[in-house]
Amino acid sequence: MSQPLPDLFRAAEALEAGGKAAEAVELYKRWIALNPEDPHLAAALFNMAVVAQRAGDGFGAINALRQAIRINPDCHPPYINLGRLLEDHGEAGQGVGQWLSLSNRLAAVNGPALRHKLMALQQVGRVLEFNHVDGAAEDALRQAIDLQPDQPQAVQHWIALRQKQCKWPVMSAWDGVDGRRLLSSISPLSAAVMYDDPAFQLARAASYARQAIARPKALPFDHGARKAQRPARLKVGYVSSDLREHAVGFGLSEALELHDRSRFEIHAYYCGIPREDDTRRRIINAVEHWTDISRLSDDEAAARIAADGIDILIDVNGYTRDARTAVFARRPAPVQVNWFGFPGSMGTPYHHYIIADPHVVPEGNEIFFSERVMRLACYQPNDRKRRVAPEAPKRAEEGLPERGFVFCCLNGTQKITAQVFAAWMRILAATEGSVLWLLDSSEETNARLRHMASAAGIAPERICFAPKRPNPQHLARYRLADLFLDTFPYGAHTTASDAMWMGTPVLTLAGRGFAARVCAGLVTSAGMPDLVTTHIDDYVGRAIAIATAPGAAHALKARLAHNRMTAPLFDTDRLVSGLEALYDRMWEEFRSGELPVPNLANLPVYEEIGLDLLMGREGESIPPERYREELARWHMMDPIAADGRLWPAEPQVTPAAALTRAA
């Protein structure tokens, strides 16, 4: 008599739990061979595939899943797993095919069918997005949202895709899906691209953390015993998925090399894609300890960091791709810091500090951060050892005309907004013979931008596109540009520093939020404060003046070149020295019992108010007095408790409830 299927599952589970996964797979193989007519054969094959995959036998798992689908095409889970395995083995197209096949089979309206169809559509959207098939990815995600609007992750990807494709307005509601519901799921990064509203950005970050970051079941790490004295060398750990050929990796490389090893022991915790490159190798050589935590669970990664005895843990991702925010939620280090990877507050109870500077967070703006704000002269690290191709390419090689003023903006297309694009068209209209040089996107998005230029009365060929290049060649071609035009409200960050390092002046528009002030801070730190504007008309007028006044652009380039080796923006030694002084101060605050406790009071109320005020107002900023008015109405209907007062007297203690102090 054959073994009942439930007994098989239990026996295999016990073997795997005991570290005998190979024996569990053999147990499944034996049962499958002896029970070829069992009606639940597909389920046994599916479970065997799961165990085989966890044991590292991906191809065995693929074969088992294919066999399960052949035996029972109406068994849905194998399609999901098979698609992901094929993607992991470099066959993303075949993976998408599996998910679409499942989606097309699921016509029945019931709970399991709906769940599996949603999973299939989300996988299709994710993979197509990763492979830059943006229009099809957007369509797949829209289908998923149509079926179930309350899917924050699908909505976040859908919004990001529309931003990337310059489809304005981005928050385009449709029958059955209202715009406010979509906006309530926006990611913090997309919110910073769409609105210059630091109060909403803080509230949305806190809401995102509650929605997306699972609360740990336990916090096993007790750091109290470490307050006795400062260790001879503070252990500082940097956590990032971008310690490789990425803007963050490029910027951070030299700073990591310059740390004082007599006083600091530097650890890097990598959680990104498994790819070798020169920047990754340089960072590995720059730190004393490199640990890849990408395959560790959140609990395992936190335990590893705690076992390493890290004193200060730096989050260099924030809410960006492949971040490990849930590791920070487990509090593996006594002091945890938000720096460089994300332009805004994390809005969590477990990030104690944010490192900024007087430009990105001026005095009075601390109220928009749950973390305690600590400042450097310039918060952004830069690598003075950037590899640059020795010669600039010819204009023709980059699709540029032989003559004419070249405005450029080599930010990602997701940062372009309708307001900024309209300003650019005004600039081109007033500067005969000029062109606008943008970073290459998909053919569809490039065509859309040229079509919108034509609709604004600008010849479409005056919009040029810079193809993707390796970073040394990308940097070298900045020499072809006369003036970099920044985006708003999410401005250039490392892109601006790269442009100025290569001698291209950057014109920017300063706003109120972190992301809208970074570029203004960088430009000021490069000794070019006259290129910071505060109104869109001033931005347009200044660009026109530079392009039309003889010698103006050349003079700016000469001044930028003169400043390059002395400006705070590129003084990496000063940055590292300041950073280490901040680490000492943070540790002393921890030792003395003054470690800041983030106060998240009233943020859900701020988010609700922001959703009401911002809906249908893309690109706009809500002044603090409007929040104060709405808060007063809320308070009249349902008193808001914040230490017994609507607005506490000390904004540094309760930042979320202190908008009366906002600038």
Side-chain angles (χ1 to χ4, degrees), residues 149-150 152 155-156 159 171 178-192 194-213 215 319 325 329 338 344-351 354 361 364-373 489 512-516 596-618 620-663:
D150 188 17
V155 172
Q156 288 156 18
I159 291 172
M171 301 299 297
D178 70 87
R180 193 182 189 281
R181 173 177 278 188
L182 293 171
L183 183 55
S184 69
S185 293
I186 193 170
S187 75
L189 273 176
S190 290
M194 197 178 299
Y195 304 108
D196 182 27
D197 192 314
F200 179 72
Q201 287 158 8
L202 169 61
R204 182 65 206 131
S207 180
Y208 180 86
R210 291 193 303 271
Q211 292 173 349
I213 311 303
R215 184 183 296 274
Y319 297 126
T325 314
N338 169 17
S345 178
M346 292 295 289
T348 75
Y350 39 83
H351 287 82
I354 181 170
V361 185
N365 277 23
E366 296 90 348
I367 59 175
F368 300 122
F369 298 84
S370 60
E371 308 94 335
R372 180 174 293 171
V373 178
R512 295 169 56 229
F514 195 119
V597 178
N599 191 316
L600 308 178
N602 301 340
L603 290 186
V605 175
Y606 277 60
E607 183 180 26
E608 289 298 316
I609 292 172
L611 291 172
D612 290 336
L613 294 177
L614 291 168
M615 194 57 238
R617 302 177 65 177
E618 290 182 16
E620 296 188 33
S621 174
I622 306 300
E625 52 267 24
R626 287 290 290 116
Y627 276 90
R628 288 199 290 270
E629 292 169 5
E630 293 302 316
L631 278 168
R633 292 191 183 97
W634 274 73
H635 190 65
M636 289 176 64
M637 294 182 294
D638 183 9
I640 301 170
D643 295 335
R645 292 160 291 177
L646 179 58
W647 295 300
E650 297 296 332
Q652 293 84 0
V653 176
T654 310
L659 277 177
T660 48
R661 302 300 186 91

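Side chains included, hydrogens not; waters and symmetry mates left out as well; all remaining heavy atoms used. Computed from a predicted structure; not experimentally measured.
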Would you indicate whether the side-chain heavy atoms of [Y] and [X] approach each other to under 4.5 Å?
X	Y	answer
Asn602	Trp634	no
Pro349	Leu600	yes
Phe514	Ile354	yes
Leu614	Met194	no

Mind checking side-chain hydrogen bond (donor to acceptor under 3.5 Å, both in side chains) for [X] and listing every partner two or more places apart, or none if nothing turns up?
X	answer
Asn338	Glu371
Thr325	none
Glu625	none
Ser621	Arg512

Residue pair [X] / [Y]: nearest heavy atoms and the distance that separates them:
X	Y	value
Pro188	Ala205	CG-CA, 4.1 Å
Ala191	Phe200	CB-CE2, 4.3 Å
Pro152	Gln211	CB-OE1, 4.3 Å
Ala199	Tyr606	CB-CD2, 4.3 Å
Ile186	Gln156	C-CG, 4.1 Å
Val155	Pro149	CG2-O, 3.8 Å

Residues that Tyr319 engages under ring pair (Phe, Tyr, Trp, His ring centres under 6.0 Å), provided they are two or more places apart |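 Partners of Tyr319 by the ring pair (Phe, Tyr, Trp, His ring centres under 6.0 Å) criterion, ordered by chain and then number, come out as Tyr208, Phe342.
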
Set of residues satisfying salt bridge (Lys or Arg N to Asp or Glu O under 4.0 Å) with respect to Arg626, sequence neighbours excluded
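Arg626 satisfies salt bridge (Lys or Arg N to Asp or Glu O under 4.0 Å) with Glu629, Glu630 only.
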
Exercise for review: With sequence neighbours excluded, tell me which residues meet salt bridge (Lys or Arg N to Asp or Glu O under 4.0 Å) with Asp612.
Suggested key: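 Once residues adjacent in sequence are excluded, the partners of Asp612 under the salt bridge (Lys or Arg N to Asp or Glu O under 4.0 Å) criterion are Arg180.
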
Working to the nearest 0.5 Å, report the span between CG of Leu611 and CZ of Arg181.
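Between atom CG of Leu611 and atom CZ of Arg181 there are 12.5 Å.
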
Answer yes or no: does atom CE of Met636 have more than 12 heavy-atom neighbours from other residues, nucleotides or ligands under 6.0 Å?
->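 Count not over threshold, so no.
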
| field | Side-chain donor or acceptor of Gln201 paired with backbone N/O of Tyr195 under 3.5 Å | value |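 The answer is yes, because a donor-acceptor pair under 3.5 Å joins these two groups.
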
Under 3.5 Å, side chain of Ser370 to main-chain N/O of Gly347, donor-acceptor pair present?
->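 Yes; at least one donor-acceptor contact below 3.5 Å.
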
**Item:** Qualifying salt bridge (charged side-chain N to carboxylate O under 4.0 Å, His left out) pairs, either residue in residues 199-212, two or more places apart
**Value:**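 Every salt bridge (charged side-chain N to carboxylate O under 4.0 Å, His left out) pair that includes a residue of residues 199-212, provided the two are not neighbours, is Arg204-Glu607.
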
